[in-house]
Amino acid sequence: MLSSHDLESHRKPPTRVRMLVRDFIEDSLYNPHYGYFSKRATIFTAPPHCGGVEGGFDFNKYRDSAEFEVDVAKRYGEFGNGEEDGPGRQLWHTPTELFKPWYGQAIAQCLVSEYLLKYFPYEDFKVYELGAGNGTLALNILDFLKTHYPEVYDRTQYTIIEISEKLARAQRHRLHQQGHSQVVDVVNQSVFQWQRKEHAPCYVVAAEVVDNFAHDVVRYDLKTLEAYQGVVAVDEVGDFVPFYTKISDPLIASYLALRRRLSLPVPLPRFLRSPTLRKLYASLPFAPNLSPPDYIPTRLLSLLKILRTHFPRHRLLLSDFSSLPDAVPGLNAPVVQTRVGTTMIPCGTIFVQQGWFDIMFPTDFTALREMYEFLLSQAGPDADEQDELSYARVSPLASSTSPLSLGADFFSSRARRSPLDGVTSASGLPVGERKSSVFSHAEYLETYADLEKTRLVNGENPMIGFYENVKVLF
């Protein structure tokens, strides 16, 4: 089987190959020659004639959210009228762009408050941003520091890790042009290939990034509940044939083993958790022999391991969607969509023409926090690969008896250990101490944002009201 890394040199989507679903998604989105983000996607930004600050919207002039939405839709249409091959210009927006510079300033205030409390003036202010888009968030953060915290700005080292060569060039040019060349380093590289170790305290920012991290698909045999990994074959004419094999991929096995060790919710519909109902369901005419697809965030797990290994004293700020409408069938399933004219059209499958479709996943923030804290608490290497493969093949409904686990609830927040004097984890905190919290989008912004800047005439605040399906881990 090929991996997405093997396909990076391909200038056209491959035929007569097999790959894991994770590699198919990653190739579709990030292949340097035909990937969605490499060649098709354009990030919406408010035109410079909007009348606001640095090209942003002048929120205080709008009567209500309806008037604001009409203006956004108008400018969205203007921005997306460029000539493109295929269905249309692939355009998408983020809170950073829609509410600039105020959204970025809220993140800056959050980070600098933590830095001043813990590290200033003994450590430099080091920030690593993953996938910086147009560079707007970096620009807003650095402008804010330069104006309001010049003593912190003088000690700032801001590194962008950007997989897209085109975006990396644009970010470098924009930030240098705005006078930040002395504090910014743009590295054109996938974070999954990162090798440099940062020993100092630092902040890692992932704003609306992990929703496009590739996932694997797992389905369970309805008789034995053994897990099977999703694979896709591409035939000689480019048609896709998905099928399932026994778990053999180490990353899939690692995720499934970790999920069981943390006693996270069983990835089966409630009616399939009962042996009697499962048997009855399997006896129905035309009933499938496998459970519904379970999309598991294996690339997110890779990121957490990289943070533990290469950024041992980091603090993570991660914001993304906790739920998404119009998803394909399955658990934790993605939205697959493309823009036709000025309309986004959702699809019913992930197996679509590579490079023309956005594939976007929701994030289970409860599971993310449990995995994140558990991995950071581990000072040693990962468990033996063969043990994890064996462990991953066990029914998800079976009780935990593996030597890799010290009881089903040992590492859950319900039974978190008390901090131990003198014992620290990879995060630098005492073992057992909670490192992160999950906030709703509104809670986070009400804490750190200057809400008067985005308040409309009638008192509504779209920066608070929009993106209700976004959460923040910090």
Side-chain angles (χ1 to χ4, degrees), residues 1-42 82-92 163-166 190 192 212-219 221 227-249 251-252 286-296 298-299 326-330 332-341 343-361:
M1 288 197 300
L2 295 181
S3 70
S4 58
H5 181 69
D6 298 326
L7 296 171
E8 287 180 0
S9 61
H10 286 231
R11 294 188 171 273
K12 294 182 179 179
T15 57
R16 297 184 178 182
V17 296
R18 292 185 303 160
M19 66 191 88
L20 289 169
V21 169
R22 172 179 82 235
D23 292 303
F24 173 79
I25 293 172
E26 199 159 83
D27 181 62
S28 298
L29 295 178
Y30 299 110
N31 183 283
H33 303 292
Y34 52 79
Y36 180 82
F37 288 107
S38 305
K39 294 298 180 181
R40 303 294 180 189
T42 303
E83 293 295 325
E84 296 284 335
D85 295 331
R89 192 174 190 180
Q90 300 305 305
L91 187 64
W92 51 283
I163 190 173
S164 167
E165 182 181 356
K166 179 179 71 172
S190 168
F192 302 116
N212 289 119
F213 276 10
H215 285 48
D216 277 289
V217 177
V218 170
R219 298 179 71 179
D221 185 293
Y228 287 78
Q229 63 189 22
V231 180
V232 59
V234 187
D235 67 17
E236 63 276 4
V237 296
D239 289 338
F240 307 115
V241 182
F243 62 98
Y244 294 86
T245 65
K246 289 180 179 289
I247 301 293
S248 61
D249 178 67
L251 186 56
I252 295 177
F286 308 110
N289 58 359
L290 295 175
S291 68
D294 176 21
Y295 291 87
I296 60 173
T298 38
R299 271 309 192 189
D326 301 319
V328 304
N332 195 42
V335 173
V336 182
Q337 59 188 8
T338 191
R339 193 168 187 258
V340 179
T343 304
M344 272 294 189
I345 306 297
C347 303
T349 176
I350 62 171
F351 300 113
V352 290
Q353 178 64 47
Q354 300 97 313
W356 281 108
F357 294 81
D358 189 8
I359 304 175
M360 186 167 60
F361 291 86

Answer yes or no: are there more than 12 heavy-atom neighbours, outside K12 itself, under 6.0 Å from its atom NZ?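 Not more than 12 within 6.0 Å, no.
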More than 12 non-hydrogen atoms from neighbouring residues, nucleotides or ligands closer than 6.0 Å to NE2 on H33, yes or no? yes
Nearest heavy-atom neighbours spanning [X] and [Y]:
X: P329; Y: G348; answer: CD-O, 3.7 Å
X: S38; Y: P32; answer: OG-CA, 3.8 Å
X: I350; Y: I359; answer: O-CD1, 4.3 Å
X: V217; Y: P293; answer: CG1-CB, 3.8 Å
X: A327; Y: A333; answer: CB-O, 3.6 Å

Atom [atom1] in [X], atom [atom2] in [Y]: separation rounded to 0.5 Å?
X: S3; Y: E8; atom1: OG; atom2: CD; answer: 8.0 Å
X: N31; Y: R11; atom1: CG; atom2: CZ; answer: 9.5 Å
X: D358; Y: F37; atom1: CG; atom2: CZ; answer: 4.5 Å
X: R219; Y: Y228; atom1: CZ; atom2: OH; answer: 12.0 Å
X: N212; Y: L29; atom1: CG; atom2: CG; answer: 5.5 Å
X: D294; Y: H215; atom1: CG; atom2: NE2; answer: 9.5 Å

A side-chain contact here means heavy atoms from C-beta on lying under 4.5 Å apart; do [X] and [Y] qualify?
X: Q229; Y: S248; value: yes
X: L20; Y: I252; value: yes
X: Q337; Y: F357; value: no
X: F351; Y: V21; value: yes
X: P14; Y: D27; value: yes
X: I25; Y: R299; value: no
X: D23; Y: L2; value: no
X: P334; Y: Y295; value: yes

I'd like to know if the side chain of T298 reaches the main chain of L251, judged simply by a donor and an acceptor atom lying under 3.5 Å from each other, with no hydrogens or angles considered.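 Between the backbone of L251 and the side chain of T298 there is no qualifying donor-acceptor contact (under 3.5 Å).
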Evaluation steps, side-chain contact (heavy atoms from CB on, under 4.5 Å), between F192 and H5: CA-CA 11 Å; F192 302 116; H5 181 69; over 6 Å; no
Contacts table for residues 233-241: side-chain donor-acceptor under 3.5 angstrom, sequence neighbours left out:
residue	atom	partner	partner atom	Å
D235	OD1	V237	N	3.0
D235	OD1	G238	N	3.0
D235	OD1	D239	N	2.8

Under the side chain to side chain contact (heavy atoms under 4.5 Å, CB included) rule, collect the residues that match up with P13, sequence neighbours excluded.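 Here the qualifying residues are Y34, Q353, Q354.
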